[in-house]
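Read the numbers this way: they start at 1 and go in the same order the structure lists the ligands and their atoms. Keep in mind that what you see is a predicted model, and the values were worked out from it rather than measured.
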Amino acid sequence: MSEVYVIGHKSPDTDTVCSAIVYAGLKGYTAARPGELNEETAFVLDYFKVPAPALMENAAGKKLVLVDHNEPAQVVDGGDQAEIVEVVDHHKMNFVCNTPIYIHVEPVGSTATVIAKHYMDQVKGNPTHAGLLLAAVLSDTVIFKSPTTTDEDKAIAAELAKIAGITDIQTFGIDIKKAKASIKGKPIADVIHVDFKDFDFGGKKVGIGQTELVDINEVYDRAGEVTAYLNELKSGKGYEMVVFIGTDIIKEGSELYFAGDAAMMEKAFGKKPEGASMWLPGVMSRKKQVAPPLEKAFTS
Ligand code: MG
Ligand code: MG
Ligand code: MG
């Protein structure tokens, strides 16, 4: 049998990388990544002394298991010329294939939750795998604060923590988030693009970036730069609107900066922006709380 690679989405995050490592380990496959690790994921791998998966720049001709994604736009380059043999995910499906394959998708807070749930017996014997999966659950659910969190995520995280020997889940979660949670000294374009997704809302191109911080003041201090860059991006790249979500994981809310029609933001979020931004208490998730109301505003 030719080698099978388990690979996550472009702009890899902790869930996609840790899920690839553990699933490859369980199945005897090889883990790969389609891009550079972010600081949070680098911290997690270093914490558990696990090497990063090998970089795969082009997947043409290879056999792939996709973890934590299924949308063609998020698949590694060359993925359209690869043989996809399996998908393990927790996102909405936008996937077509012309042969029957294994597809395992559940509506839970992370791909790691899906893997832990179905392979717990094997994970029990591997504290490192348990730790990687725990880190992925905590990362994707923003330490259970994201509305994407389910009771299953919490129960499985508790079980994983026991196996991994981590006694304080909250503190471990904050440590993980802190690793990526400072934007000090970073170019604002990098801050906005490290987690940035393009959407098509009723034929209009809308881009939404997000960063999670332990202290939102780091963004407030650079508000002028953020707004200037969003406007540059909007006019330079043909966007109808560009949004940047600065999420404070302690205060549990987000400051939404935007370049585009303020009336559209008011229509989407039911609140008048102050200048080029607005604070939305309780908003943590792009997938559940920012993209859907914006899409509705653009299409209704
Ligand atoms: Mg992901
Ligand atoms: Mg995920
Ligand atoms: Mg995410």
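- Rounded to 10°, the angle formed at the Mg ion (ligand 2) by Asp15 OD2 and His90 NE2 is 100°.
- No hydrogens or angles considered: nothing links the side chains of Gln210 and Asp195 as a donor-acceptor pair under 3.5 Å.
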**Item:** Glu159 and Lys162: CA distance, side-chain angles, deciding distance, salt bridge (charged side-chain N to carboxylate O under 4.0 Å, His left out) verdict
**Value:** CA-CA 5 Å; Glu159 215 170 332; Lys162 259 187 217 147; over 6 Å; no
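- Residue His9 counts as close to the Mg ion (ligand 1), with an N, O or S atom under 2.8 Å.
- At distances below 3.5 Å, at least one donor-acceptor pair connects side-chain atoms of Ser254 with backbone N or O atoms of Val283.
- Under the 4.5 Å side-chain heavy-atom criterion for grouping Ile, Leu, Val, Met, Phe, Trp and Tyr, Phe269 is not connected to Trp279 through any hydrophobic cluster.
- Between Asp13 atom OD2 and Asp68 atom OD2, the angle centred on the Mg ion (ligand 1) amounts to 130° (nearest 10°).
- Looking at Asp140, its N, O or S atom nearest to the Mg ion (ligand 2) turns out to be OD2.
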